[in-house]
Amino acid sequence: MNYKKTLLMPKTNFPMRGKLPTQEPKRQEDWEDKHLYEQLTEKNANRPLFVLHDGPIYANGDIHVGHALNRILKDIIVRHRSMDGFNAPYIPGWDAHGLPIETALTKTKKIDRKKMTVAEFRQACEDYAWDQLENQREQFKRLGMIGDWENPYVTLTPEFEANQIRVFGEMAKQGHVYQGKRPVYWSPSSESALAEAEIEYHDKRSPSIYVAFTVTDGKGVLEAGDNIIIWTTTPWTIPGNLGISVHPESDYSVFRYEGKRYVVASKLYETVTEELGWQETEVLTIVKGEKLEYVVTRHPFYERDSLVMTGEHVTLDAGTGAVHTAPGHGEEDFFIGGEYGLEALSPVDDKGVFTEEAPGFEGVFYDKANKMITETLEENDALLKLEFMTHSYPHDWRTKKPVIYRATKQWFISIDNMREDLLEAVGRVNWQPKWGETRLYNMIRDRGDWCISRQRSWGVPIPVFYAEDGTAIVEDETVDHVAQLFRKHGSNIWFDWETKDLLPDGFTSSHSPGGTFTREMDIMDVWFDSGSTHEGVLAEREDARRPADLYLEGSDQYRGWFNSSLITGVAVTGDAPYKKILSHGFTMDGEGQKMSKSLGNVIDPLDVMKQMGADILRLWAGSVDFQADVRLSDDILKQVSENYRKVRNTLRFLLGNLADFDPATDRVPVHELQDMDLYMLECLNDVIERAQEGYREYVFSHAYSAIHHFCAVELSAFYMDVAKDLLYCDHVDDPRRRSLQTVMYDMLVAMTKLIAPITPHTAEETWEYIAGADTEFVQLADMPEPAVIENREELKQRWETLLAVRNDVLKALETAREEKVIGKSLEAKVTIAVTEPVYHLLLELEQPEKLFIVSQVEVQKSETVPEGHSAIVDVETATGETCARCWHVKEDVGVDAEHPELCGRCLAVVATYDLADLEA
RNA sequence: GGGCCUGUAGCUCAGUAGGUGAGAGCGCACGCCUGAUAAGCGUGAGGUCGGUGGUUCGAGUCCACUCAGGCCCA
């Protein structure tokens with residue numbers, strides 16, 4: 001007869017394969033329909049708050065794998081903390097202002113900015129931003145993220161803008177805000193500043209000139225009358241020249257030509273003299289660049305000094321090694337000039353025409369002035385050579401005309417007067433990894449002032465008014481008023497309303513006797529937007545708190561959000577807006593190289609979710625050491641899928657074998673558990689402790705490996721393999737079986753909870769199948785507590801010894817298999833010789849053959865065992881008949897005539913079943 | 001060029017405060033099972049711990065340099 005029907009085989013509808021790509025979206029809909037997030041916050045309402053403050057994502061484009069990594073990590077934290085005794089809200093954030101949106105709009109959509117007002121254009125930007133937000137929101141939800149998706153924070157909302165204005169006002173009040181000059185890309189043809197992204201390079205024909213600057217004070221290194229030679233392709237910037245830069249580490253040659261002395265970098269001496277066509281030159285001496293610092297030369301045609309400075313930016317691959325420096329006409333020039341206290345002289349107006357600050361050239365277009373200036377240089381005997389060359393030069397991407405560097409008035413945040421406070425605040429923050437502190441510290445220590453002006457449209461206006469005499473008005477009264485207006489009407493009014501309507505009623509100023517005012521048209525750097533989230537979100541919302549417990553972003557944000565938030569936070573509250581910074585690395589390809597379209601090694605998270613499922617991507621994120629850079633490739637995903645399968649099948653096996661187990665009635669108390677089951681409960685305790693520590697300390701890979709290792713090694717390869725015989729063959733109510741199931745049930749519940757933060761879809765799916773699960777969603781349950789077990793150490797040692805014996809048995813069985821003595825292990829009888837203490841352990845086992853999954857075991861004492869082994873194992877064919885039901889080879893098979901194929905044990909079990917029922 | 005970081009088996013990770021032979025899982029190879037079956041089990045082969053040179057009785061673990069990657073600046 002077929003006794004298979006009398007076996008208690010695993011029974012479950014939990015599918016072996018998850019079909020994640022199609023199942024996950026349904027589950028996500030279910031979460032939404034049943035308001036899982038609201039249920040969660042309600043349930044945790046009275047628990048301590050844990051605020052993970054979300055850094056805003058820029059509202060443009062599809063999410064990439066970096067976003068996915070960042071947000072999955074955050075979701076793991078939120079989900080875990082929510083199950084670990086905290087109220088952990090998640091408010092997703094979007095950065096919705098800024099140039100990329102302007103660019104996307106003008107580029108992809110057919111919008112002609114020139115035909116619309118600023119306010120209209122800004123409205124178009126806002127519409128676009130909301131569309132992008134919607135798209136990204138769906139993609140994040142597809143990742144399985146839990147959070148307040150209906151009420152995210154968005155930097156373009158009136159409340160947020162109002163708060164941002166207040167941050168600005170507070171900083172102004174404390175004297176951190178000032179107006180200064182700084183060179184920016186300027187397009188005379190558009191009469192506006194351009195961003196880097198609006199520049200394209202084309203070939204341009206330019207004059208190339210060598211100019212001599214005569215030394216007036218050689219500082220004991222050079223002689224008055226010596227001539228430092230510079231080279232430039234923009235003669236028109238000579239009126240703005242205030243200095244000459246040399247490299248401190250390079251050598252400079254002083255040489256004689258036709259009675260005059262000249263200076264160039266030694267490395268370029270040959271090329272320069274050749275270029276100038278000078279022969280019979282004579283090198284007189286060589287000076288290191290740093291010695292030339294503070295040498296004074298005379299401007300070639302103005303009555304003013306030109307100072308020699310040293311800078312690392314000076315290169316020796318072209319020119320003379322002495323660089324013409326005009327702080328108002330170049331970024332590097334500006335910075336080095338700043339170090340030496342030079343002003344950003346920029347005698348050019350909006351149209352690119354020289355002002356009276358450039359005597360002799362007033363009213364001349366800069367490009368036209370090139371010739372005049374060159375002639376003036378020649379008249380002053382300073383021009384050594386003129387020729388023309390074609391080179392790559394920045395152009396306005398819209399008008400295709402060349403652009404220039406021009407210093408304009410900008411608003412700055414002064415870092416100098418708050419640097420000490422910032423550095424101290426850095427010291428009070430908890431950093432993970434530890435080096436984050438050094439990194440941000442160095443950055444704050446070395447950073448210059450923060451230029452917050454942007455000559456753009458799509459952003460928060462700088463709330464400054466100007467009086468008739470040009471005085472800037474930044475007062476509490478005006479700033480607060482603007483903030484209130486923005487909160488009510490949005491910031492578009494800044495561009496729509498009359499200036500007087502933006503000022504408080506009856507506002508007057510002694511600087512405006514006529515009572516008229518104008519307003520600043522620059523907007524704020526978007527880093528000011530995101531840097532204000534602690535005010536606009538943490539301080540504003542009921543479900544948040546400042547300082548946040550945690551900020552978690554990619555390591556690029558030390559320069560970005562961590563930085564800007566610190567500055568505004570310290571200014572507004574006196575301290576950092578975060579208690580802890582956790583940072584993650586970047587996602588590289590399988591070889592550790594950065595992903596790029598051209599290399600074709602980019603992995604799209606949307607594809608991964610479509611093909612494998614969000615839980616696979618999440619499991620990847622949970623498995624890697626994210627504090628350094630992480631790798632992602634098809635092979636890595638394949639491996640993650642394999643590991644997922646292992647965990648999933650383990651859960652499935654547990655479910656299947658608990659089909660007849662009702663925890664309410666079938667549970668066995670801990671003190672009545674079989675020893676092996678108790679040991680496994682102890683193993684579960686271990687996993688719980690390790691996984692919990694991994695989650696709590698933000699080392700998810702430890703939680704992941706603890707869970708996976710437990711499934712693969714402890715459960716699948718050992719416990720469940722051994723348990724099958726008892727589960728299948730024993731009587732349903734056999735206490736040994738119920739003991740097993742009790743532990744398996746606890747394992748199932750605990751494991752489902754433990755995987756929930758990383759793979760919520762799979763966890764919730766499993767939860768649905770668990771009989772007696774007391775919450776609707778596992779997310780609403782709490783993390784498992786380790787069971788109370790006595791003599792844990794002793795228990796562990798006992799079983800570790802037994803498992804070591806088992807290893808030796810398995811090896812011996814494999815050898816026997818190779819020698820064709822046996823096939824499956826149940827065909828074997830093993831003789832195990834062990835030392836005294838182990839001998840007793842084995843004897844204490846009621847049925848040692850179960851542990852080794854063999855049919856018969858004989859235990860012997862041995863004085864010694866070979867080094868590295870626990871036992872001497874001999875394998876032979878078991879004696880007797882194979883029981884048709886339990887497949888063990890037994891001597892007592894056939895004792896009952898009615899069931900000649902059964903062993904005594906199976907006979908007893910079968911006797912309790914109504915076989916007729918089973919046949920039917 | 002500067003600041004910070006990473007580099008242990010094909011892959012993902014462990015390697016405690018320097019000290020018995022460098023580990024795990026996955027993958028791979030070979031085999032078993034066919035009562036977890038597009039599953040399960042076993043055994044095995046894989047590493048000059050990026051490289052070089054030091055410190056030390058002894059270094060994957062400390063120091064210097066170097067190579068390769070990465071983030072942020074210039």
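We use all heavy atoms of the structure for the numbers below, so side chains are in, but hydrogens, waters and symmetry mates are not. Residue numbering restarts at 1 for every chain, and letters A, B, ... go by the order of the sequence lines.
- Across all strands shown, A:Met720 has heavy atoms under 4.0 Å from base atoms, whether or not it also approaches the sugar-phosphate.
- Residue-level contact check: A:Ala816 touches neither bases nor backbone, having no heavy atom under 4.0 Å from any strand.
- Between A:Phe700 and A:Tyr695, the ring planes are tilted. Angles from 30° to 60° get that label.
- Here A:Trp887 lies parallel enough and close enough to stack on the base of B:G35, with planes under 30° and ring centres under 5.5 Å apart.
- Residue A:Ser701 has its side chain nearest to B:A14 when only B:U43, B:G3, B:A14 are considered.
- Here A:Phe586 lies in heavy-atom contact (under 4.0 Å) with sugar-phosphate atoms only.
- When the P atom is used for both B:G69 and B:U56, the distance is 35 Å, rounded to whole Å.
- B:G44 sits 13 Å from B:G23 when the P atoms are compared, rounded to a whole Å.
- One can find a donor-acceptor pair under 3.5 Å joining the base of B:C71 and the side-chain atoms of A:Arg439.
- Comparing B:A74 with B:G3, their P atoms sit 15 Å apart, to the nearest whole Å.
- Distances shown here put a side-chain N or O of A:Lys594 below 4.0 Å from the OP1 or OP2 atom of B:C71.
- In this structure, of B:G3, B:C11, B:A36, it is B:G3 that holds the atom nearest to the side chain of A:Asn442.
- Nucleotide B:C71 forms a pair with B:G3, judged by Watson-Crick or G-U wobble geometry with both contacts under 3.5 Å.
- The aromatic rings of A:Tyr769 and A:Phe14 sit perpendicular, their planes meeting at an angle over 60°, well past the 30° parallel limit.
- Between B:G40 and A:Arg645, a contact under 4.0 Å exists linking OP1 or OP2 to a side-chain N or O.
- Within the 4.0 Å cut-off from OP1 or OP2 of B:A36, at least one side-chain nitrogen or oxygen of A:Tyr728 is found.
- When both pairing distances are held under 3.5 Å, B:G47 makes no Watson-Crick or G-U pair with any nucleotide shown.
- Pairing partner, B:C41: B:G31, with both Watson-Crick or wobble hydrogen-bond distances short of 3.5 Å.
- Nucleotides B:C33 and B:G50 are separated by 43 Å at their P atoms, to the nearest Å.
- A:Lys824 has no side-chain polar atom (N or O) that falls below the 4.0 Å cut-off from OP1 or OP2 of B:C32.
- As judged by a 4.0 angstrom heavy-atom cut-off over every strand, A:Gly823 is placed among residues touching the sugar-phosphate backbone only.
- Here B:U56 sits opposite no nucleotide as a Watson-Crick or G-U wobble pair (both hydrogen-bonding atom distances under 3.5 Å).
- Between A:Trp431 and A:Tyr578, the ring planes are perpendicular. Angles over 60° get that label, and only those under 30° would be called parallel.
- Here B:G31 is the nucleotide among B:A24, B:A36, B:G31 with the atom lying nearest to any side-chain atom of A:Arg817.
- Listed candidates were B:G70, B:U37, B:C26. Nearest to the side chain of A:Gln639 is B:C26.
- Among the heavy atoms of the strands lying under 4.0 Å from A:Asp721 are primed sugar atoms or P, OP1, OP2 only; no base atom is included.
- Ring centroid separation for the pair A:Trp450 and A:Phe412 does not come in under the 6.0 Å cut-off.
- At the heavy-atom level, A:Arg806 lies nowhere under 4.0 Å from the strands shown.
- Of the side-chain N and O atoms in A:Lys724, none sit less than 4.0 angstrom from OP1 or OP2 of B:C41.
- Judged by distance alone, the side chains of A:Lys829 and A:Thr877 never bring a donor and an acceptor atom under 3.5 Å apart.
- The separation of B:C62 from B:U55, taken at their C1' atoms, amounts to 8 Å, rounded to a whole angstrom.
- As rounded to the nearest Å, B:U6 and B:U48 have P atoms that lie 23 Å from one another.
- Judged by Watson-Crick or G-U wobble contacts below 3.5 Å, the nucleotide B:C26 has B:G10 as its partner.
- Residue A:Lys811 places its side chain closer to B:U43 than to any other of B:C26, B:C13, B:U43.
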Worked verdict on A:Lys824 versus A:Glu827 for salt bridge (Lys or Arg N to Asp or Glu O under 4.0 Å): CA-CA 6 Å; A:Lys824 55 179 167 179; A:Glu827 290 166 17; 5.6 Å; no
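- For the residue pair A:Asp660 / A:Gln741, a side-chain donor-acceptor distance below 3.5 Å is found, with atom types taken as modelled.
- Closest to the side chain of A:Glu814, out of B:G42, B:C13, B:U12, is B:G42.
- A close approach under 4.0 Å does not occur between any side-chain nitrogen or oxygen of A:His702 and OP1 or OP2 of B:C13.
- Base pairing analysis places B:U20 opposite nothing; no Watson-Crick or G-U wobble pair with both distances below 3.5 Å involves it.
- Ring orientation note: the planes of A:His584 and A:Phe626 are nearly perpendicular, at an angle over 60° on the 30°/60° scale.
- Within the nucleic acid shown, A:Leu810 comes within 4.0 Å of sugar-phosphate atoms alone, with no base atom in reach, counting heavy atoms only.
- With distances taken from any side-chain atom of A:Arg652 to the nucleotides B:U12, B:C4, B:A36, the minimum falls on B:A36.
- Residue A:Val713 is classed as a sugar-phosphate contact, given heavy-atom separations below 4.0 Å to backbone atoms only.
- Residue-level contact check: A:Ser716 touches the bases, meaning some heavy atom is under 4.0 Å from a base atom.
- Rounding to whole angstrom units, CD of residue A:Glu591 and C1' of B:G50 are separated by 15 Å.
- Rounded to a whole angstrom, the distance from the C1' atom of B:A17 to that of B:A36 is 46 Å.
- Annotation: B:G7 and B:G15 have their C1' atoms spaced 16 Å apart (nearest Å).
- Note on A:Arg17: a base of the nucleic acid sits closer than 4.0 angstrom, heavy atoms only.
- Distance from the side chain of A:Ala628 is smallest for B:U6 among the nucleotides B:U43, B:G40, B:U6.
- Side-chain atoms of A:Tyr558 and A:Ser583 include a donor-acceptor pair closer than 3.5 Å.
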